[in-house]
Amino acid sequence: MMLPVFSMPAIFRHSLLVLLGLGLVPAFAAMAEPEPAPPAVTTAAPAEAASKPQDPTVEMPAEVLEVRSIAAGGAPRLALHTLDAYQSASREQPHLWMSWEKERIAILSDNRSWQDIAVRLAQLPAGVSDTFRYWAMTRRAEALVKSGQAGAALQLLQGLIWNIPQATPARSRWLLKWRFGIMNAYLALGAFEDAHLAAAHYFRDAGSHSIEEQRLQARILISADRADQAADMLENNPDMEARIIFHLAQLRSGRRTPATIVKKAQRLMRSEGVTTAMRTQLWALVAEASRKLDDLGTTANALEHVLSDKQPLPDGMFRFGVDDLWQTYLDYATRIGNSSRFLIGDDGPWFDAAGKAEKKLPVRARSLYAMLMFNGENAENRLRAADDFVGLLKQRKRGGQLLKVLFLDSRHFASKAAVPLPARYVLVDVALAQTDIPLASAIMATIEAPPEGVENYFWQLRRARILVMGGHHEQGADALHKLLASRQRLSQAQIDQFLQVVFDLQTVQAHRQAISLFQQLMSFTDDIKQQRELYYWMAESGTALQDYPKAAQWYLRSAMLPGARTMDPWAQTARYQAADNLARAGYVRDARAILRHLLRVTREPARQAVLRQELQKLWLVTDRQDPADPDRKKPTGSEIR
């Protein structure tokens, strides 16, 4: 491996972003759906808060369009970084700073970064207007509700209502916004009667003029078991989301049969303009109606759609969770078993029935496998059923996300280690595909052995890499040590693969672990070139640890293989680095001696110039071994020419 002389080597540090290219991620990771890209801010239809600053109104500068364009191009973090520079420059102009802050919140909202918004708006700088402060607190309350902190939102909004001065000109407008937010917070908390009481006062004072107000009022009525009133209110409302709420109200009130509601929901799914969020609500409507029909197969299928779509259901409408799907699987399987006269404990017929149903009736098959996974007669059969369940669910659209919800959010599995092993193998791939490295690492930490049919060495490297990149440095390094201890020899390709994971340890600053592994790896090669590289990487970590004497020693070992007089480009680079570390350690005369030797042997003018410059720097430095340092003098002409 050739290194640029006198420069630090450009080490190719692999990360999990190239795992797939190295073959360290199984095929399922490629098909597992990634996180959906959130909508970006567009210049055509900017967020209202950003495009219409409330206090004061200012013309939109070109810089705003630039930031929005970057966000619309799919780089919201870069947009925020660009915004930081513009906003910092406007610290002395509060109206500009506030406008930029609204742009920031718009970008974060479009990317559903609710927790970031809640934290960002918790503290506002001095000098902002009351109007901006009220706007910021209102947006923070919304973000708190959407991030699952409805109690904190309720407390914030109630405090605003009680503390806003009576004489504030905009009191009535802000008061209505905060009361509206309080109703949403009550719904999110499941305090339905409180939401209904708050709604009664709100709509008595303000009426329900906007579609958003009508939808909220109807959801509150449904949640408070007043579905008849919700149905009456939305009877002629053409809004698509209002139609979904209307059909739910009809179902809950008994005005329409469950079979009719299922058909209406399925028809609406095929309508133009139906968003993903609306489709999820329609599947939830199908689930509730089919459950009333006691159609367990349709219920399970609908719940699979609801849980795999990753779209939150509106508060106050549906009460579905992951364990509802598990229970539906088990109820459906029990019905199948009863009608077929299968016996619990006699697993053969259950497996046969599931296998026959896989192609044409996959929900039926998954239900039977779920029954066997929980109630199989022995551990081997339960593990087999889990493997079959996972394999079948992988074939479903968005199956990876559904697996994640079923096994990580259910009360049936108290910890990640309690999840059946076949599911954990796949969940690691799902987490990697969604770039959720901490989750992948946490799951991998519960797994010791590769799945059946997978080569152990390659898989253990993959496991160690995931552990390292997920923050489990010690566990990852320990896995690598054990892997080496289990081998008597390694091929060159295996050494190269191993090194990439050790480089990952260096990348995350786990240098002591990296040095230990480099040293252990040394015994697996008698190739001089490889040994020189290992000493070099050890020295690099030694430098990072500020153990400069040891780093210099390793650099010199790298330089002097195969012999003390070796002066090829690699040796020159290693000696140069050794001199640098010697100087840092205070061994200045040794550093000068190495640099002078390099100056004598090198012929390239550019390199000679670098060496002369370094020698000139060192003439001011005293050697730690001898304060008098006879060499501490300005270089002679022969030294610098």
Side-chain angles (χ1 to χ4, degrees), residues 1-13 499 503 506-507 511 514-515 518-519 522 525-641:
M1 179 178 180
M2 186 65 67
L3 296 175
V5 175
F6 305 150
S7 66
M8 188 63 74
I11 307 170
F12 181 50
R13 305 294 195 215
L499 280 171
F503 292 157
Q506 289 182 306
T507 299
H511 289 288
I515 290 171
F518 285 134
Q519 291 172 325
M522 194 75 72
T525 180
D526 54 7
D527 180 81
I528 297 299
K529 176 178 176 294
Q530 185 94 74
Q531 291 176 347
R532 297 179 86 185
E533 292 178 2
L534 290 173
Y535 279 125
Y536 201 104
W537 310 140
M538 288 163 59
E540 184 185 59
S541 285
T543 301
L545 291 171
Q546 298 184 3
D547 188 353
Y548 301 124
K550 198 67 179 177
Q553 181 181 346
W554 284 326
Y555 276 127
L556 287 174
R557 286 187 183 180
S558 179
M560 293 189 293
L561 283 175
R565 300 193 177 197
T566 303
M567 288 300 292
D568 59 10
W570 180 284
Q572 291 183 47
T573 299
R575 289 174 186 273
Y576 180 85
Q577 298 296 342
D580 179 63
N581 276 271
L582 286 167
R584 295 189 194 191
Y587 299 105
V588 179
R589 280 184 287 174
D590 288 347
R592 291 193 194 111
I594 291 174
L595 292 176
R596 287 169 182 155
H597 182 61
L598 285 172
L599 186 59
R600 285 195 298 271
V601 300
T602 198
R603 292 292 177 265
E604 294 187 19
R607 297 174 186 173
Q608 290 176 341
V610 170
L611 291 168
R612 291 191 185 102
Q613 185 179 27
E614 293 302 316
L615 282 167
Q616 286 177 326
K617 291 178 183 178
L618 290 180
W619 80 270
L620 290 171
V621 183
T622 302
D623 191 279
R624 66 180 295 179
Q625 297 295 93
D626 183 3
D629 188 6
D631 279 348
R632 185 175 178 271
K633 58 184 179 63
K634 193 169 182 177
T636 64
S638 62
E639 290 177 327
I640 63 175
R641 287 196 299 272

Between D526 and Q531 the two heavy atoms that sit nearest each other are CA-NE2, 3.7 Å

List the atom of R600, the atom of R603, and the distance in Å for their closest heavy-atom pair.
O-NH1, 2.8 Å

Report the distance from atom [atom1] of [X] to atom [atom2] of [Y], rounding to the nearest 0.5 Å.
{"X": "I515", "Y": "E540", "atom1": "CD1", "atom2": "CD", "result": "10.0 Å"}
{"X": "L611", "Y": "I594", "atom1": "CG", "atom2": "CD1", "result": "11.5 Å"}
{"X": "R592", "Y": "K617", "atom1": "CZ", "atom2": "NZ", "result": "14.5 Å"}
{"X": "W554", "Y": "T543", "atom1": "CH2", "atom2": "OG1", "result": "9.5 Å"}
{"X": "L499", "Y": "E533", "atom1": "CG", "atom2": "CD", "result": "7.5 Å"}
{"X": "Q613", "Y": "L595", "atom1": "CD", "atom2": "CG", "result": "11.5 Å"}

Scan the side chains in residues 557-565 for donor-acceptor partners under 3.5 Å anywhere in the protein, sequence neighbours excluded, and list what turns up.
| residue | atom | partner | partner atom | Å |
| --- | --- | --- | --- | --- |
| S558 | OG | R532 | O | 2.8 |
| S558 | OG | W570 | NE1 | 2.7 |

What residues, two or more places apart in sequence or in another chain, satisfy side chain to side chain donor-acceptor pair (under 3.5 Å) together with Q530?
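Side chain to side chain donor-acceptor pair (under 3.5 Å) check on Q530 returns Q492.
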
I'd like to know if the side chain of E614 reaches the main chain of A579, judged simply by a donor and an acceptor atom lying under 3.5 Å from each other, with no hydrogens or angles considered.
no

Checking the side chain of N581 only, and the main-chain atoms of Q577 only, is there a donor and an acceptor separated by less than 3.5 Å?
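Checked: pair present.
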
For the residue pair F503 and F518, categorise the inter-ring angle as parallel (less than 30°), tilted (30 to 60°) or perpendicular (more than 60°).
tilted

Quick check: Y555 with Y536 (ring centres under 6.0 Å apart)?
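Yes, the ring centres sit under 6.0 Å apart.
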
Donor-acceptor side-chain pairing of Q608 and T602 below 3.5 angstrom:
no

